[in-house]
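What follows is one structure encoded as structure tokens, with my remarks underneath.
Residue numbers count from 1 along this sequence. Just follow the structure's listing: the first ligand is 1, and inside any ligand the first atom is 1. This one's a predicted model, so the numbers in the text were calculated from it and none came from an experiment.
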Amino acid sequence: MKIFYDENIPYAKEFFSDFGELVPFAGRELSAEQIKEADVLLVRSITKVNEQLLHLNTSLKFVGTATIGFDHVDQNYLKQRGVVFTNAPGCNAISVAEYVLSALMVMVERLDFDLKTKTIGIVGAGNTGTRLSEKLDAFGINYLLCDPLLEKAGDSRTFSSLKEILGCDIISLHVPITQKGDHRTFHMFDDLLLSELSNQQILINSCRGEVINNQALLQLKKSQKGPHIILDVWENEPNVLTELIPYCEITTAHIAGYSLEGKARGTEMLYQALSKLVNKPIEKQLEQFLPKAEIEYGNQHSQNELFSVKQRVFDVYDVRRDDKIFREQLNIKSFDYLRKNYPVRREFSALELSVQQCWPDTLKNLGFNVKD
Ligand SMILES: NC(=O)c1ccc[n+]([C@@H]2O[C@H](COP(=O)([O-])OP(=O)(O)OC[C@H]3O[C@@H](n4cnc5c(N)ncnc54)[C@H](O)[C@@H]3O)[C@@H](O)[C@H]2O)c1
Ligand SMILES: O=C(O)[C@H](O)[C@H](O)COP(=O)(O)O
């Protein structure tokens, strides 16, 4: 079996070497000629999987994307060809939720407000929106959920309208990109909707760049209006609207989901799906490959819950590291380079904390590994 895999899929060799011959490729450069003999294709979001890529191939049986999003895959075409397809739902949802939490802590420091007095509007209550809401619950922060599709499907949670979300202090976007239908998300935040937001609000986009009209956002910010902006994702990646960067509080290179655990979970999910397809027993698990985390644990403790949690969050992940890299290096290195060479980042669960430390229950509920 010939398995072609994106070179940016971690632990691909460890998981797939028993299946056959492994051939790595650069995600944006893959050609139809190159993969004409592939039996299995493992991609990330930057490879467009469609007829144009696959028309020379007659042997393909399985396509997997080690990502949550699958807007880069023409599923109808794969179905017609009888090729099995899977994505990795939820693989990096914790990572995205921790990115948002870290960004919120930065904004707490910068704007000096009490997070517990704020309400966060979560648009899209699927895997990432839900993980975020769980962390907000753990910390006692108010939030509203907006997801008309889940609401219609009978999800038992309480939902709010987009209009209600627009009144929240902080808005965090967690929807897939969709081009049509009643709930399409392409340019969901267009000039009209953006102009309804005040300069007291914070808007966070860590889902897909095209959910916000970036040009409209730039014009609004240029006129010194609009909310504080945190952008991990951009329209037209990798060619981002660099003019927008100085108007944002935090900017990163589509890495919200790039914790080591998040990326590696994606690989593990594809391994499980392929094993099932070829009737191979599941013999490998992610934990075998993940290194022990080397996280320097700060010694600031406080009876103040917000202060304590902020320190522990920054011990594991301070999004300012990635914002700095992005601002300083985007002109020198490419967007894709910054993503491919992303420094190791772990999830809260990688930090072992003693129960003796302040606010152990809050930290445990937030996902830290609190040992009795
Ligand atoms: N920045 C990153 O690194 C990163 C990481 C993971 C996922 N993502 C992106 O985030 C998206 C969401 O991820 P997920 O795992 O939560 O996906 P998901 O499919 O589990 O959840 C998405 C939710 O959005 C809802 N939705 C769709 N249209 C909506 C609308 N108009 N208004 C409100 N809700 C709507 C859906 O009903 C669904 O419940 C992914 O599709 C992917 O594009 C980005
Ligand atoms: O959809 C996803 O899972 C995320 O956007 C993910 O972080 C994409 O990563 P990429 O495939 O672009 O490396």
Side-chain angles (χ1 to χ4, degrees), residues 5-10 26-28 42-49 64-73 87-100 103 121-134 144-155 157 159-166 171-189 193 204-211 230-234 237-238 251-260 262-267 269-270 319 322 335-336 338-342 345:
Y5 71 99
D6 184 310
E7 61 193 7
N8 194 17
I9 294 184
R28 271 193 219 279
L42 307 177
V43 296
R44 302 198 62 84
S45 77
I46 57 172
T47 304
K48 300 246 175 296
V49 181
T65 181
T67 60
I68 286 181
F70 47 82
D71 38 293
H72 51 293
V73 178
N87 67 327
C91 65
N92 51 28
I94 294 174
S95 178
V96 174
E98 294 184 359
Y99 172 97
V100 174
I122 301 178
V123 185
N127 283 292
T128 55
T130 300
R131 291 288 92 74
L132 175 61
S133 72
E134 287 166 357
L144 300 181
L145 295 175
C146 168
D147 194 321
L149 294 140
L150 285 183
E151 189 175 14
K152 198 168 168 204
D155 189 308
R157 292 174 289 181
F159 290 98
S160 303
S161 65
L162 186 58
K163 198 169 167 36
E164 288 168 299
I165 294 288
L166 296 181
I171 299 169
S172 193
L173 309 180
H174 300 281
V175 292
I177 190 73
T178 49
Q179 309 284 348
K180 33 184 198 218
D182 291 344
H183 303 293
R184 78 172 195 157
T185 60
F186 179 82
H187 284 187
M188 186 183 203
F189 281 69
L193 211 145
I204 307 173
N205 190 8
S206 61
C207 60
R208 282 290 180 266
E210 284 74 12
V211 176
I230 296 169
L231 289 187
D232 176 54
V233 289
W234 305 80
E237 292 173 15
T251 53
T252 47
H254 192 156
I255 49 68
Y258 266 23
S259 67
L260 181 60
K263 280 181 89 172
R265 237 179 253 122
T267 319
M269 288 168 95
L270 299 191
V319 67
D322 296 339
F335 190 83
D336 283 349
L338 297 182
R339 303 189 74 217
K340 209 175 273 182
N341 295 283
Y342 185 64
R345 166 182 151 206

**OP:** For atom 3 (O) of ligand 1, decide whether some protein heavy-atom distance is shorter than 4.0 Å.
**Re:** yes
**OP:** Before signing off on this row, confirm whether G257 and ligand 1 have an N or O atom pair separated by under 3.5 Å.
**Re:** yes
Subject >> Protein contact of atom 27 (C) of ligand 1 - nearest heavy atom, named by residue and atom, plus distance >> reply: L149 CD1, 3.2 Å
**OP:** Specify the protein heavy atom at minimum distance from atom 14 (P) of ligand 1: its residue, its atom name, and the distance to 0.1 Å.
**Re:** T128 OG1, 3.6 Å
Original post:
Looking only at heavy atoms, which two atoms of D6 and G27 are closest? And how far apart?
Top reply: OD2-CA, 3.4 Å
Original post:
Any side-chain donor paired with an acceptor under 3.5 Å for H254 and E237?
Top reply: yes
Original post:
OG1 of T128 to CD1 of I68: how many Å apart, nearest 0.5 Å?
Top reply: 6.0 Å
Original post:
After noting the C-alpha distance and the side-chain angles of S45 and T67, does the key distance pass the side chain to side chain donor-acceptor pair (under 3.5 Å) rule?
Top reply: CA-CA 7 Å; S45 77; T67 60; 5.9 Å; no
Original post:
Any non-hydrogen atom of T185 lying under 4.0 Å from ligand 1?
Top reply: yes
**OP:** State the CZ-CG distance between F159 and L150, to the nearest 0.5 angstrom.
**Re:** 5.0 Å
Original post:
Which residue and non-hydrogen atom of the protein lie closest to atom 6 (C) of ligand 1, and at what distance in Å?
Top reply: N92 OD1, 3.0 Å
**OP:** Can you see which heavy atom on I122 is nearest to which on H174, and at what distance?
**Re:** CG2-CD2, 3.9 Å
Original post:
Is there at least one pair of N or O atoms, one from R184 and one from ligand 1, spaced under 3.5 Å apart?
Top reply: no
Original post:
Heavy atoms under 4.0 Å from ligand 2: which residues qualify?
Top reply: R44, S45, T67, I68, G69, N92, R208, H254, Y258, R339
Original post:
Is there a heavy atom in P148 that sits closer than 4.0 Å to ligand 1?
Top reply: yes
Original post:
Any non-hydrogen atom of A93 lying under 4.0 Å from ligand 1?
Top reply: no
**OP:** Take D232 and T252 through the side chain to side chain donor-acceptor pair (under 3.5 Å) test and state the conclusion after the steps.
**Re:** CA-CA 5 Å; D232 176 54; T252 47; 2.7 Å; yes
Original post:
Taking N or O atoms only and a 3.5 Å limit, does D71 qualify as a polar contact for ligand 1?
Top reply: no
Subject >> Closest candidate by heavy atom, reference atom 24 (O) of ligand 1, pool S259, G126, P176, A253 >> reply: P176
**OP:** Taking all heavy atoms of H183 and all of T178, pick out the closest pair and write down the distance.
**Re:** O-OG1, 3.7 Å
Subject >> Short N or O distance, T178 and ligand 1, threshold 3.5 Å exclusive >> reply: no
**OP:** Decide side chain to side chain donor-acceptor pair (under 3.5 Å) for T130 and R157; before the verdict, give the C-alpha distance in whole Å, the side-chain angles of both, and the deciding distance to 0.1 Å.
**Re:** CA-CA 11 Å; T130 300; R157 292 174 289 181; 2.9 Å; yes
Subject >> Protein contact to atom 10 (O) of ligand 1 [nearest heavy atom, distance to 0.1 Å] >> reply: C207 CB, 3.4 Å
Subject >> Option with minimal heavy-atom separation from atom 39 (O) of ligand 1, where the choices are L145, N87, V233, D147 >> reply: D147
**OP:** Tell me, with the steps shown, if S259 and Y99 meet side chain to side chain donor-acceptor pair (under 3.5 Å).
**Re:** CA-CA 9 Å; S259 67; Y99 172 97; over 6 Å; no
**OP:** Report the C-alpha separation of R345 and E98 in whole Å, then their side-chain angles, then the decisive distance to 0.1 Å, and conclude whether the salt bridge (Lys or Arg N to Asp or Glu O under 4.0 Å) test is met.
**Re:** CA-CA 11 Å; R345 166 182 151 206; E98 294 184 359; 5.6 Å; no
